[in-house]
Amino acid sequence: EVLEKYGADILRLWVAMSDYREDVRLSQDILNRVIDTYRKLRNTLRFLLGNLSDFDLSRHSVPVDKLEDIDLTTLKTLNVFAAEAEKHYNAYEFHLVSIKICDVFCVNVLSGYYLHVLKDVLYCDQPHSARRRSAQTVFLYIANFLARLLSPLLSFTAEETWQTLREQNLLDTNCFNVDSVFLNDFPKPLPVSQEAGFAMDDLLRLKNDLHQEIEKERSKKTINGPNDSHVTIHHHKDSFLAEISEQKAADLMGVSKITLLPDEKTGPFWVKAVQKAPGTKCPRCWIWRELTPDNLCPRCSEAENALKTVPK
């Protein structure tokens, strides 16, 4: 009945998420949670692959040491989760593989932070901007890793992902067997220094703190969301915020403006206040900025002018 109604991979994921060292349970409520997890995972893969439609493997790939800080941070995190997944596979702890890869990495790290913040870069930067190509390079690494890591659990979804990468010419034939995901090894760690980028835990914690404060102001109708938020953050001198610009911090958190204030009395960082951002809402990116004469923020104005010069 489950196969006919939901498909084989839903049944596979239920088995993978069940801890066989205890009584294995099955009910409609449990199936609904499995379906929700699978839907989030599939949507994550669709988002990754969809944003690689204009990516040429040979021309657009960015070397690891040239990637943006947020992308390097995500690659470091990918390395950690890939290593943990292989360790759990070797110990036959399949439920921990599904928890770490599906629930923690795909839902919390990717959907909850990285992909959400990167939408602005993907949709509003110039098509060939360094930031956008850096993000797409990491998207390809993630999709490739996930297809191989999930292949023992979600065989149909993993193979479908692999064949989509093949159709888009995103598999290096010198490194991979393009015929099937099952003819390839588990991924090896990427050459990313542990000192590169930031600590993902710091970014997730700050994003969560910031989200809570933004929701409070949204409920008061002070702001509509992150795009029109001006956030004031106090931080300790040893925090990663002490080493970056206010604009960089705003980009990392997906808000219009951040004011950083050194404060030795608090912990690593503390969201002090959220208020309406100054300027005017850019009709293209929806971020509040001082607009140019063509009624766009400077970045969007440059992107639009660049698009006009691209040959049709």
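Everything numeric here is computed off the predicted structure, so don't read it as measured data.
With 3.5 Å as the limit, one finds a donor-acceptor pair spanning the side chains of E159 and Q163. Side-chain polar atoms of T77 and Y114 form no donor-acceptor pair below 3.5 angstrom. Using a 3.5 Å distance cut-off with no hydrogens or angles, the side chains of Q247 and D251 do pair a donor with an acceptor.
Checked for salt-bridge contact, R131 and D71 miss the test: no charged N lies under 4.0 Å from a carboxylate O. Taking 4.0 Å as the cut-off between side-chain N and carboxylate O, K248 and D69 count as a salt-bridged pair. Taking a cutoff of 4.0 Å between a charged side-chain nitrogen and a carboxylate oxygen, E84 and K87 do not qualify as a salt bridge. Electrostatic pairing of R299 and E302 does not count as a salt bridge here, judged by no charged N lying under 4.0 Å from a carboxylate O. Salt-bridge formation is detected for the pair R133/D54: a Lys NZ or Arg NE/NH1/NH2 atom is positioned less than 4.0 Å from an Asp or Glu carboxylate oxygen.
A distance-only check finds a donor-acceptor pair linking the side chain of T137 to the backbone of V62 [under 3.5 Å]. One N or O on the side chain of R284 and one on the backbone of C124 form a donor-acceptor pair closer than 3.5 Å. The backbone N or O of D185 lies less than 3.5 Å from a partner atom in the side chain of R148, making a donor-acceptor pair.
The environment of CZ in F182 is crowded: more than 12 heavy-atom neighbours from other residues, nucleotides or ligands sit within 6.0 Å. Other residues, nucleotides and ligands contribute only 12 or fewer heavy atoms inside 6.0 Å of the CZ atom of F156. The number of heavy atoms from other shown groups lying within 6.0 Å of NE2 (H60) is above 12.
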>> Please determine whether side-chain contact (heavy atoms from CB on, under 4.5 Å) holds for the pair L57 and N169, giving the CA-CA distance in whole Å, both sets of side-chain angles, and the decisive distance to 0.1 Å.
In response: CA-CA 7 Å; L57 183 64; N169 295 314; over 6 Å; no

>> Using side-chain contact (heavy atoms from CB on, under 4.5 Å), reason through L260 and H235 one step at a time and then give a plain yes or no.
In response: CA-CA 7 Å; L260 298 175; H235 64 87; 3.9 Å; yes

>> Applying side-chain hydrogen bond (donor to acceptor under 3.5 Å, both in side chains) to R205 and N208, what does each step give before you reach the verdict?
In response: CA-CA 5 Å; R205 178 187 162 192; N208 182 64; over 6 Å; no

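What you find for P268 and S239 is that their closest heavy atoms are O-CB, 3.1 Å. Residue V192 comes nearest to K76 through the heavy atom pair CG1-CG, 3.4 Å, listed as atom of the first residue, atom of the second, then distance.
Aromatic ring centres of F186 and Y89 lie closer together than 6.0 Å.
For the atom pair CD1 (I142) and OG1 (T44), the distance works out to 9.5 Å, reported to the nearest 0.5 Å. To the nearest 0.5 Å, atoms CG (D228) and CH2 (W286) are separated by 11.5 Å.
The residue from T37, D29, D36 that alone fulfils the side-chain contact (heavy atoms from CB on, under 4.5 Å) condition with R33 is D29.
Remark: K257 is not positioned above the aromatic ring of W288, lacking an NZ or CZ atom under 6.0 angstrom from the ring centre and at most 45 degrees off the axis.
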